[in-house]
There are 2 protein chains.
Amino acid sequence: MTLRAVGARAGVSRGAPYGHFENKEHLLTRLAIDTWTSLADEVERLRADPGCTPDARLERAVLALIEVGRRHPHRYALMFGTPADDPEAAGSAGRLENEFLALVADVVGEPGALHYGALVMSSAHGIAGMELSGHLSKEKWQVGSEELVRTLIDAIRGQANGLPG
Amino acid sequence: MTLRAVGARAGVSRGAPYGHFENKEHLLTRLAIDTWTSLADEVERLRADPGCTPDARLERAVLALIEVGRRHPHRYALMFGTPADDPEAAGSAGRLENEFLALVADVVGEPGALHYGALVMSSAHGIAGMELSGHLSKEKWQVGSEELVRTLIDAIRGQANGLPG
DNA sequence: CAATTTCATATGACTGTGTCATGTGAACTA
DNA sequence: TAGTTCACATGACACAGTCATATGAAATTG
């Protein structure tokens, strides 16, 4: 997305955004932060929903992340493309990570939650990325993202419960 | 990387690459293909090494993918950023995917190899991506990529062997 | 050896994009 | 009414991707 395109869509000139943002990267960082925050809000609501098992809640959270990639690929790329050294970006990303951490802890227990949380977060991001880039073709692998998420959660639950410590 | 920078490094002018590549995207696609191919070669050699267990071989293959991300972040981004609709790119990517598939089959058995292969490939990509974007800070998660890879492989092996079908 | 074709590259021009200095008009304020 | 503020437009600059054209060296051909 070019700044001219942003301007055109908003009906203003190309230089107008520079009154509100220091440069293009700052504008993009703002978009990334908003996306992180909105997704964190969604997962937070979802985590408060008592109407399903911890497994199902975690699954829906992971699918929510993947859905952002499907619906807003550019925004999704910004989330993980924006350097994490911006404090506000790191904060909003951390909020989502903490939501995932809590959901994972409900599935695998508190010890090891960080461990499996990192794996779930990374795998979710990887599934989204593979699907986005077209490298997760159903024709090739005969599975879709939804089944992968299911398999992932089953695997870590089994691993965590079967081999404590 | 701009084409002018490519030219400067090669000691030629900015337009010189256009005698060899149709446009910038084609040049970058070529880089992506070379990276896919080189990694597939490396994993193929690794797979022929009889000196370690199937687990260890798969682990080293995943780490090889992550290592590309560490050493050549731009090339890594090109691999999964280049649209997979280019036939040659799809072919070279498919070669690496098949190497992974074979390695995974040695660990979890033939049935379910596609299933777990897709998960391993996606998770590996996700771990690499999280590390690259700085979202896998050891301070936050208290784990590094190496341990995540270990955990991932343990989890899918346990899952595949414990619950057949 | 001379003429010709081929080929990689240089050069200059055009477009599009990020950026900024400056100007302008409207809304708000004293 | 005059001054301040604020968002935006305008025009300019630099740079990147692209292409048409020119040049000069190497290879080929007679």
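Labels below follow one simple rule: chain letters A, B, ... track the order of the sequence lines, proteins then strands, and each chain is numbered from 1. Every value quoted in this text rests on a predicted model; they were computed, and no experiment measured them.
Comparing C/dA10, C/dG18, D/dT18 by their closest approach to the side chain of B/S13 singles out C/dA10. In the set D/dG17, D/dT10, D/dA9, D/dG17 carries the atom at the smallest distance from any side-chain atom of B/Y18. Nearest nucleotide to the side chain of A/K24, out of D/dC19, C/dT19, C/dT9: C/dT19. When distances run from any side-chain atom of A/A16 to the nucleotides D/dA9, C/dA10, C/dT19, the shortest one goes to D/dA9.
Residue A/I156 is grouped with residue A/I66 when hydrophobic side chains (ILVMFWY) are merged at heavy-atom distances under 4.5 angstrom, including chains of intermediate members. At a threshold of 4.5 Å between side-chain heavy atoms, the hydrophobic network of Ile, Leu, Val, Met, Phe, Trp and Tyr places B/F80 and B/L132 in one connected group.
Straight-line distance from the CG atom of B/N23 to the C1' atom of D/dA20: 17 Å, rounded to whole Å. Atoms CG (B/L27) and C1' (D/dT18) sit 14 Å apart, rounded to a whole Å. Per the geometry, CZ belonging to A/F21 stands 14 Å off P belonging to C/dG18, to the nearest Å.
Taking the charged nitrogens against the carboxylate oxygens, B/D106 and B/R47 have no contact shorter than 4.0 Å, which rules out a salt bridge.
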Could you go step by step and tell me if A/D34 and A/R30 meet the salt bridge (charged side-chain N to carboxylate O under 4.0 Å, His left out) rule?
CA-CA 6 Å; A/D34 289 354; A/R30 168 54 47 194; 3.5 Å; yes
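Applying the 4.0 Å criterion to OP1 and OP2 of D/dC8, one finds that A/H20 has a side-chain N or O inside that range.
The base of C/dG16 has none of its N or O atoms less than 3.5 Å from a complementary donor or acceptor on the side chain of A/R14.
Each of A/G15 and A/G19 has a nearest nucleotide on DNA chain D; the 5'-most of these lies closest to A/G19.
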